[in-house]
Amino acid sequence: MDNNANRIEWLADQGNWLITESPGMAPRNLEDWAEEQPEMTGVSLVLAATNYACHWLTLPGVKGRHLVRALPFALEDMLVRDVSDYTVVPGGSRASQHKAYVVETDLIDRLLELLAIHHLRLVSLTPETTLLADDQIARADTGWAINIPGKFEGCVPD
């Protein structure tokens with residue numbers, strides 16, 4: 001994984017965001033970290049694999065330009081809540097399969113709001129598993145980040 005990336009993770013049981021500035025460092029409360037950043041700084045963050053889901057879908061006949069509209073409909077039966085509660089981002093295609101990252105829209109809104117309060121701009125938010133090479137497994141806090149193209153991409157606990 002990228003050793004220079006700031007990894008961000010929402011801990012629902014604690015109700016706060018933690019940021020890890022580099023591997024091996026202890027996570028910190030995002031608010032404390034944000035207070036130390038210069039105002040109007042653009043930040044690039046890596047979203048922890050525990051905060052999103054990745055789905056591989058086969059969508060015969062769907063052209064690339066229609067993928068953004070087709071993915072939410074294809075995912076409807078796989079999601080716990082209504083598809084409108086999620087942000088669905090295409091993650092690329094391989095053979096006849098299309099990858100979709102799914103994250104709760106409320107989670108992203110919470111992150112953007114907190115950054116705005118601290119006068120920071122989110123420049124990019126990268127799914128953690130995209131930093132892994134194909135067929136790679138890497139340690140991710142209390143679990144393992146896994147990238148097996150077309151099969152599984154995400155985090156599993158110890």
Side-chain angles (χ1 to χ4, degrees), residues 1-57 67-68 71-72 75 78-81 83 85-95 97-158:
M1 287 208 243
D2 184 353
N3 292 336
N4 298 320
N6 290 321
R7 182 179 183 269
I8 187 87
E9 181 175 19
W10 171 251
L11 299 177
D13 59 336
Q14 296 176 20
N16 68 336
W17 288 99
L18 291 183
I19 190 163
T20 305
E21 296 177 77
S22 62
M25 288 186 70
R28 302 175 54 196
N29 185 300
L30 178 62
E31 291 187 48
D32 296 339
W33 175 84
E35 287 177 10
E36 298 171 2
Q37 306 307 307
E39 283 196 21
M40 301 312 294
T41 298
V43 294
S44 295
L45 301 172
V46 174
L47 184 62
T50 54
N51 294 137
Y52 64 88
C54 179
H55 296 274
W56 287 88
L57 304 161
L67 200 55
V68 172
L71 285 173
L75 289 164
M78 297 179 207
L79 302 174
V80 175
R81 295 196 317 258
V83 70
D85 293 335
Y86 299 94
T87 299
V88 178
V89 180
S93 300
R94 174 175 273 193
Q97 291 187 310
H98 305 284
K99 183 170 33 172
Y101 293 102
V102 180
V103 63
E104 290 182 30
T105 301
D106 182 56
L107 191 70
I108 300 300
D109 291 344
R110 254 186 247 154
L111 177 59
L112 291 172
E113 182 179 318
L114 183 60
L115 292 174
I117 288 170
H118 292 282
H119 306 286
L120 299 174
R121 294 179 300 106
L122 183 63
V123 174
S124 68
L125 185 61
T126 305
E128 181 176 37
T129 50
T130 63
L131 302 176
L132 297 173
D134 287 353
D135 300 317
Q136 184 179 2
I137 298 173
R139 187 78 178 137
D141 289 334
T142 60
W144 297 90
I146 301 170
N147 180 5
I148 303 171
K151 305 282 186 221
F152 180 80
E153 187 175 319
C155 190
V156 294
D158 285 338

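Numbering starts at 1 and runs along the sequence shown.
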Interatomic distance, CZ@Arg94 vs CG@Asp134, rounded to 0.5 Å, equals 4.5 Å

Are Asn6 and Ser44 side-chain neighbours, meaning at least one heavy-atom pair lies under 4.5 Å?
no

Name the one of Trp56, Tyr101, Tyr52 that satisfies side chain to side chain donor-acceptor pair (under 3.5 Å) with Glu153?
Tyr101

Taking every heavy atom of Leu132 against every heavy atom of Ala138, the minimum-distance pair comes out as CD2-CB, 3.6 Å

Do Arg7 and Glu128 touch side chain to side chain, with heavy atoms closer than 4.5 Å?
yes

Contacts of Asp158 meeting side chain to side chain donor-acceptor pair (under 3.5 Å) (sequence neighbours excluded), chain-then-number -> Arg139, Trp144

Give, for atom NE2 of His119 and atom OG1 of Thr41, the distance between the pair rounded to the nearest 0.5 Å.
11.5 Å

Looking at CG of Leu120 and CD of Glu39, how far apart are the two atoms once the value is rounded to the nearest 0.5 Å?
8.5 Å

For Val80, enumerate each residue passing the side chain to side chain contact (heavy atoms under 4.5 Å, CB included) test, keeping only those at least two apart in sequence or located in another chain.
Tyr86

Taking all non-hydrogen atoms of both residues, which atom of Thr50 and which atom of Cys155 are closest, and how far apart?
CG2-SG, 3.9 Å

Point-to-point distance, once rounded to the nearest 0.5 Å, from CZ of Arg110 to CG of Asn16
11.0 Å

Report, one line per pair, each donor and acceptor closer than 3.5 Å where one atom sits in a side chain of residues 26-34; sequence neighbours left out.
{"unit_1": "Arg28", "atom_1": "NH1", "unit_2": "Glu21", "atom_2": "OE2", "d": "3.1"}
{"unit_1": "Arg28", "atom_1": "NH1", "unit_2": "Glu36", "atom_2": "OE1", "d": "3.2"}
{"unit_1": "Arg28", "atom_1": "NH2", "unit_2": "Glu36", "atom_2": "OE1", "d": "3.2"}
{"unit_1": "Arg28", "atom_1": "NH2", "unit_2": "Glu36", "atom_2": "OE2", "d": "2.7"}
{"unit_1": "Asn29", "atom_1": "OD1", "unit_2": "Glu31", "atom_2": "N", "d": "2.7"}
{"unit_1": "Trp33", "atom_1": "NE1", "unit_2": "Glu21", "atom_2": "OE1", "d": "3.4"}

Is the backbone of Thr87 close enough, under 3.5 Å, to the side chain of Thr105 for a donor and an acceptor to pair up by distance?
yes

What are the two closest heavy atoms between Ala100 and Val88, and how far apart are they?
CB-CG1, 4.1 Å

Report the distance from atom CD1 of Ile8 to atom CG of Leu125, rounding to the nearest 0.5 Å.
8.5 Å

I want to check something: taking the side chain as every heavy atom from C-beta on, are Val89 and Pro127 in contact at a cut-off of under 4.5 Å?
no

Show the numbers, then the answer: is there a side-chain contact (heavy atoms from CB on, under 4.5 Å) between Leu45 and Thr126?
CA-CA 6 Å; Leu45 301 172; Thr126 305; over 6 Å; no

Taking all heavy atoms of Thr129 and all of Ala49, pick out the closest pair and write down the distance.
CG2-CB, 4.0 Å

Rounded to the nearest 0.5 Å, the CZ atom of Arg121 sits from the CG atom of Leu115 at a distance of 11.0 Å

Please walk me through it: do Asp106 and Arg81 pass salt bridge (Lys or Arg N to Asp or Glu O under 4.0 Å)?
CA-CA 12 Å; Asp106 182 56; Arg81 295 196 317 258; over 6 Å; no

Using the rule given for side-chain contact (heavy atoms from CB on, under 4.5 Å), can you reason through Met78 versus Val102, listing the C-alpha separation, both sets of side-chain angles and the distance that settles it, and then say yes or no?
CA-CA 11 Å; Met78 297 179 207; Val102 180; over 6 Å; no

